[in-house]
Amino acid sequence: MQGGDVVLTLDRAKEINDTVVTGDQLRIHAMNVMASMGAMAEHFGENKENWMAIGYLHDYDYEKYPDEHLQHTEQALLDLGVEDWEVRAILSHGYGLCNSVEPLTNLEKSLYTVDELTGIIQACARMRPMGIRDLTAKSVMKKFKDKRFAAKCNREVILDGCERLGMELKDVVEVCIEGMKPYAEEIGLMGTEG
């Protein structure tokens with residue numbers, strides 16, 4: 001982060017994102033990533049709200065351009081006043097999938113990792129009576145090994161991200177679960193006994 005930069009706030013990120021994202025599924029995914037990024041920021045002692053804002057905004061162009069994801073993000077966000085380093089962080093979650101922007105900072109590496117990981121956590125939580133409220137990293141780890149479970153979530157990216165972060169998968173899972181728990185109701189993960 002540069003000294004004089006005005007960092008992206010969560011309110012501003014929601015304002016921007018909610019003009020282009022209308023689908024419930026994509027909005028819930030944005031919130032999952034937002035919550036996990038907040039927890040990752042706390043883990044690294046960084047600006048929690050800013051990391052949450054970047055997490056919320058990360059799929060800015062996906063609904064409109066699913067086949068050209070992240071190709072319509074950079075200029076649009078810069079024009080809306082998002083700082084270039086924040087835009088770069090957003091672009092980096094597509095590394096090796098739809099661009100070559102390598103995640104280098106803890107912010108970028110975290111977004112790259114949790115984007116896919118939250119999908120597996122969400123799928124695990126949906127199967128439980130208590131939802132995410134009593135979900136453990138151990139349960140997620142068990143499902144992570146089953147390639148057919150939440151098959152669309154790219155496990156190679158998640159493992160690569162953990163390695164880049166210098167963290168064990170189990171620890172990242174734990175951080176994300178704890179980050180998502182306070183938002184259980186908003187993200188529909190209270191469970192059937194909620």
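Model, not experiment: these values are computed from the prediction.
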Residue pairs passing the ring-ring contact (aromatic ring centres under 6.0 Å, His included) test where at least one lies in residues 17-53, sequence neighbours excluded: H29-H58

Among L135, I187, V175, the one residue meeting side-chain contact (heavy atoms from CB on, under 4.5 Å) with M180: I187

Does atom CG (D79) have a neighbourhood of more than 12 heavy atoms from anything else shown, all under 6.0 Å? yes

Shortest non-hydrogen pair, C124 vs R128, comes out as O-CG, 3.4 Å

I'd like to check H93 versus L70 (side-chain heavy atoms, cut-off strictly below 4.5 Å). Are they in contact? yes

Should M40 and L104 be regarded as members of a common hydrophobic cluster, given that ILVMFWY residues are connected when their side-chain heavy atoms come within less than 4.5 Å of each other, either directly or indirectly? no

For Y95 and E108, run side-chain contact (heavy atoms from CB on, under 4.5 Å): C-alpha distance rounded to whole Å, both residues' side-chain angles, the deciding distance at 0.1 Å, then the answer. CA-CA 10 Å; Y95 179 64; E108 293 170 353; over 6 Å; no

Would you compute the distance between atom CE of M52 and atom OG of S36 and round it to the nearest 0.5 angstrom? 9.5 Å

Sidechain-backbone polar pair: R27 side chain, N17 backbone, donor-acceptor under 3.5 Å: no

Mind checking whether L57 and R12 have side chains closer than 4.5 Å, heavy atoms only? no

Restricting to side-chain hydrogen bond (donor to acceptor under 3.5 Å, both in side chains), what partner residues turn up for T136, sequence neighbours left out? S139

Decide whether V33 and I90 are clustered together by the hydrophobic rule: side chain heavy atoms of Ile, Leu, Val, Met, Phe, Trp, Tyr closer than 4.5 Å, transitively. yes

Count I, L, V, M, F, W, Y as connected when their side-chain heavy atoms are under 4.5 Å apart, and connections chain through other members. Are Y56 and Y112 then in the same cluster? no

Measure the spacing between CG of D24 and CE of M31 and express it to the nearest 0.5 Å. 11.5 Å

Does a side-chain heavy-atom distance below 4.5 Å link V82 with Y60? no

With a 3.5 Å distance limit and no angle check, can you tell me whether R133 reaches the backbone of M130 through a side-chain donor-acceptor pair? yes

Path from M37 to L169 over hydrophobic side-chain contacts below 4.5 Å: yes

Kindly say whether T22 contributes a backbone atom to a donor-acceptor pair with the side chain of E63 at under 3.5 angstrom? yes

Side chains of I132 and I177: does their closest heavy-atom pair fall under 4.5 Å? yes

Mark yes when over 12 heavy atoms from residues, nucleotides or ligands other than E163 sit less than 6.0 Å from its CD; otherwise mark no. no

May I ask you to decide if I158's main-chain N or O and E116's side chain share a donor-acceptor pair within less than 3.5 Å? no

For the side chain of E86 and the backbone of E83, is there at least one donor-acceptor N/O pair under 3.5 Å apart? yes

Verify the neighbour count for atom CD of E102: are there more than 12 heavy atoms of other residues, nucleotides or ligands below 6.0 Å? yes

Decide, yes or no, whether a salt bridge links D160 with R164 under the criterion of side-chain N to carboxylate O below 4.0 Å. yes

Measuring only between side-chain heavy atoms, which start at C-beta, is Q122 closer than 4.5 Å to L189? yes

I want to check something: taking the side chain as every heavy atom from C-beta on, are H72 and K64 in contact at a cut-off of under 4.5 Å? no

Quick check for you: to the nearest 0.5 Å, what is the distance between E186 atom CD and M190 atom CE? 11.0 Å

What's the verdict on side-chain contact (heavy atoms from CB on, under 4.5 Å) for F144 and L159, showing C-alpha distance, side-chain angles and the deciding distance? CA-CA 11 Å; F144 187 89; L159 292 171; 4.0 Å; yes

What is the distance from atom CG of L78 to atom CZ of R88, rounded to the nearest 0.5 Å? 13.0 Å

Common cluster, M167/L111, ILVMFWY with side-chain heavy-atom separation under 4.5 Å: yes

If you define the side chain from C-beta out and look only at heavy atoms, does anything of K14 sit under 4.5 Å from D18? yes

So for atom OH, which belongs to Y62, do other residues, nucleotides or ligands contribute more than 12 heavy atoms lying within a distance under 6.0 Å? no

For a quick test of reading the model, state the closest non-hydrogen atom pair linking T19 to I16 and the distance between them. OG1-O, 2.6 Å

side-chain contact (heavy atoms from CB on, under 4.5 Å) between L117 and V173, intermediate numbers included: CA-CA 8 Å; L117 182 57; V173 168; 3.9 Å; yes

What are the two closest heavy atoms between A35 and G179, and how far apart are they? CB-O, 3.4 Å

Side-chain touch W85/L107, heavy atoms, less than 4.5 angstrom: yes

For E49 and T9, the nearest pair of non-hydrogen atoms, with its separation, is OE2-CB, 3.4 Å

Is it true that the side chains of D59 and H69 contain a donor and an acceptor less than 3.5 Å apart? yes

Distance from E74 atom CD to D61 atom CG, nearest 0.5 Å? 11.5 Å

